[in-house]
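Down below is the structure, laid out as structure tokens.
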Amino acid sequence: MIKVTTKNGLDLFISLCDDVDPNKGGYYCEVYLDEGDCLNIDNFVIQKADLDCFINREEGIETLCKVYAK
């Protein structure tokens, strides 16, 4: 799980699941208010094509989570 902080100071937790075709290599993400929470409040997809723009894949994942979660 990745922890991000919104511009309003709210901590959010993002879980990542490997996505399937047509976005194989990307991620399906769910947003939670608490690290141990079982009810997600939102979701989004990180496109494989967006990740391909980053040299460091892990850095790309964290950057995109921060962008999409805000």
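Just so you know, these numbers come straight off a predicted model, no measurement behind them.
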I need the full list of salt bridge (charged side-chain N to carboxylate O under 4.0 Å, His left out) pairs touching residues 18-38, with sequence neighbours left out, sorted by first then second residue. none
Side chain to side chain donor-acceptor pair (under 3.5 Å) contacts in which one or both residues fall within residues 47-60, not counting sequence neighbours: Lys48-Asp52, Asp50-Tyr68
Under 4.5 Å side-chain linkage, directly or through intermediates, the cluster mates of [X]:
{"X": "Leu39", "result": "none"}
{"X": "Val20", "result": "none"}
{"X": "Val45", "result": "Tyr28"}

Flag the pair Tyr32 / Asp42 as yes when at least one side-chain heavy-atom distance between them is below 4.5 Å, and no otherwise. no
Would you call Val31 and Asn40 a side-chain contact if the rule is heavy atoms closer than 4.5 Å? no
One should read off an interatomic distance between Asn43 CG and Ile14 CD1, to the nearest 0.5 angstrom, of 10.5 Å
Under the salt bridge (Lys or Arg N to Asp or Glu O under 4.0 Å) test, which residues partner Asp11, sequence neighbours left out? Lys3
By side chain to side chain contact (heavy atoms under 4.5 Å, CB included) - contacts of Leu16 (at least two apart): Ile2, Tyr27, Cys29, Ile46, Ile61, Cys65
Without swapping roles, check the side chain of Thr6 against the backbone of Leu10 for a donor-acceptor pair under 3.5 Å. yes
ring-ring contact (aromatic ring centres under 6.0 Å, His included) pairs, two or more places apart, involving residues 1-22: none
